[in-house]
Number of protein chains: 2
Amino acid sequence: MKNDLSTEEKIKDAARKVFMTKGFSGCTTREIAKSVGINVALLNYYFRSKGKLFELILEAALTDLIDGMVEVFHQDMTLEDKTRLIIDKEFEFLKKYPEFPLFIHAGLNQESDTEMDLSSFLGRLHTTGIFEQCEKAQAAGKMRKVNMINVTLLFMSNCHFPIMSKKLISGIYQISEEEHENLLIAHQEIVKEMLINYLFPNTNQHA
Amino acid sequence: MKNDLSTEEKIKDAARKVFMTKGFSGCTTREIAKSVGINVALLNYYFRSKGKLFELILEAALTDLIDGMVEVFHQDMTLEDKTRLIIDKEFEFLKKYPEFPLFIHAGLNQESDTEMDLSSFLGRLHTTGIFEQCEKAQAAGKMRKVNMINVTLLFMSNCHFPIMSKKLISGIYQISEEEHENLLIAHQEIVKEMLINYLFPNTNQHA
DNA sequence: ACTTATTTTAAACACTTGTTTAATTATTGA
DNA sequence: TCAATAATTAAACAAGTGTTTAAAATAAGT
């Protein structure tokens with residue numbers, strides 16, 4: 001257990017890629033091992049089982065998800081600017097890793113046994129002071145009085161779903177890969193304006 | 001091949017239930033057969049293979065999805081009323097079948113080989129005249145000029161995602177089943193007001 | 001009744017699955 | 001250098017997979 005992370009990290013990278021695109025039960029340990037160029041046994045030498053490896057990947061993905069929010073929330077900005085920034089960052093990130101949202105949700109639904117603990121994330125969000133900032137804005141009448149969980153839901157719905165619904169949308173409307181990309185670019189602006197208009201109704205004059 | 005649909009239909013019902021909760025590769029043909037009380041061979045006697053059965057279920061689910069929209073679009077109502085109605089109907093339906101959205105998206109992503117044809121649905125939507133109604137409203141300045149695909153995305157994002165993200169949201173915010181239900185009830189109204197305010201900005205005085 | 005067709009089953013097949021065991025190769029530490 | 005530890009592999013294991021075959025039970029047709 002020296003710092004020869006090379007192989008261990010390579011396995012995690014490959015596992016992430018395979019798990020994201022195919023899901024837990026949609027792939028095999030041999031498939032992951034092969035894509036690293038190693039034996040199946042070695043995979044179980046580093047991580048104890050397929051399930052344990054999956055949990056690791058899923059947990060890392062969830063951490064990344066929260067990290068992105070925390071980073072923005074922690075900055076010194078108005079809520080409107082934070083809104084814009086977080087939507088832009090989320091779209092940018094998700095365009096790079098389109099399988100991410102579906103992986104997380106399917107992953108959380110898959111493991112009925114292990115019931116991953118997500119409680120730690122709430123604390124991290126609290127430390128950013130975002131909740132207080134919203135409370136203040138709401139008290140001052142600058143922000144619509146909406147439960148913070150609903151706010152979270154609004155953001156995630158409008159950022160994550162457009163990415164994960166690519167096959168459905170482009171299938172129904174018969175549009176090409178390129179057209180879908182343009183669709184997302186337009187949608188990003190729509191979402192920004194809609195959410196800002198809704199959450200901060202006072203300052204709704206858009207030049 | 002008489003009209004003794006009993007067994008065939010029972011298999012489809014069971015398959016739908018199992019596929020929805022566990023996904024294609026997350027379940028076995030024996031599991032489905034067992035839940036019907038029949039042999040595995042009989043399942044392949046009616047449907048040729050696991051994959052063929054899955055396609056059937058997925059296609060039926062997609063048809064249901066479009067059917068719901070078509071039914072509302074076809075009615076004689078203002079766009080605002082259609083908006084309200086479709087959101088209410090969608091939330092009502094999805095609360096009954098919470099696995100539905102995740103199943104569809106995961107299902108569409110699973111089968112890279114068969115590439116299900118979704119083109120027929122566009123025609124069905126066109127026959128409702130909803131696109132013309134929107135065009136007219138947009139020309140009259142009553143509706144915001146937004147591409148119809150973006151409109152679709154807005155609706156689906158804000159209806160489907162809140163349901164499919166149950167585990168993630170209630171995990172992060174540490175809320176109970178009951179609290180999550182109340183969250184959804186509140187969210188339904190939020191989504192209605194937000195979308196109407198955004199799409200029909202003129203009539204945004206809410207009593 | 002009895003022949004034919006349909007529905008259902010038990011058993012087997014060939015293959016894949018996650019995991020383990022024991023042996024081999026590389027790396028380290030003194 | 002050489003023993004001890006770590007990394008890696010080939011092979012096997014037992015269980016589970018989708019699918020098929022051939023036989024049995026049931027229903028239908030005449």
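What you see below is based on every heavy atom in this structure, not just the backbone, and it leaves out hydrogens, waters and symmetry mates. Note on naming: letters A, B, ... go to the chains in the order of the sequence lines (proteins, then strands), and numbering restarts at 1 for each one.
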To the nearest Å, give me how far apart [atom1] ([X]) and [atom2] ([N]) are.
X: B:L42; N: D:dT19; atom1: CG; atom2: P; value: 15 Å
X: A:K34; N: C:dT17; atom1: NZ; atom2: C1'; value: 15 Å
X: B:K52; N: D:dG18; atom1: NZ; atom2: C1'; value: 17 Å
X: B:I38; N: C:dT8; atom1: CD1; atom2: C1'; value: 9 Å
X: B:I11; N: C:dT7; atom1: CD1; atom2: P; value: 11 Å
X: A:F54; N: C:dG18; atom1: CZ; atom2: P; value: 13 Å

Taking only N/O atoms, report every protein-nucleotides 19-24 of chain C pair under 3.5 Å with atom names and distance.
unit_1	atom_1	unit_2	atom_2	d
C:dT19	OP2	A:K50	N	2.7
C:dT19	O4	A:R30	NH2	3.3

(message) So, OP1 or OP2 of C:dT8: does either fall under 4.0 Å of a side-chain N or O from B:T7?
(response)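 B:T7 to C:dT8 OP1/OP2: side-chain N or O found under 4.0 Å.
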(message) Under 3.5 Å, is there a donor on one side chain and an acceptor on the other for B:E80 and B:T83?
(response)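 No, no side-chain donor-acceptor pair sits under 3.5 Å.
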(message) Is it the case that the side chains of B:K22 and A:Q110 hold a donor-acceptor pair, with the cut-off being a distance below 3.5 Å and no angle test?
(response)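 No donor-acceptor contact under 3.5 Å links the two side chains.
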(request) Could you pull out all residues at least two apart from A:E71 that satisfy side chain to side chain donor-acceptor pair (under 3.5 Å)? (result)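 If we apply the side chain to side chain donor-acceptor pair (under 3.5 Å) test to A:E71, skipping adjacent residues, the hits are A:K89.
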(message) Please evaluate residues B:N197 and A:N197 with respect to the criterion side-chain hydrogen bond (donor to acceptor under 3.5 Å, both in side chains), reporting the C-alpha separation (whole Å), side-chain torsions for both, the decisive distance (0.1 Å), and the verdict.
(response) CA-CA 9 Å; B:N197 279 1; A:N197 279 0; over 6 Å; no
(message) Tell me whether the NZ or CZ atom of B:R144 lies within the 45° cone about the ring axis of B:Y198 and under 6.0 Å from its centre.
(response)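 Yes, a cation-pi geometry.
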(message) Does A:F54 form a ring pair (Phe, Tyr, Trp, His ring centres under 6.0 Å) with A:F103? I'd like the steps, not just the answer.
(response) CA-CA 11 Å; A:F54 181 77; A:F103 166 71; 5.7 Å; yes
(request) Ignoring the backbone of B:Y46, work out which of C:dT8, C:dT9, D:dA7 is nearest its side chain. (result)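 Nearest listed nucleotide: C:dT8.
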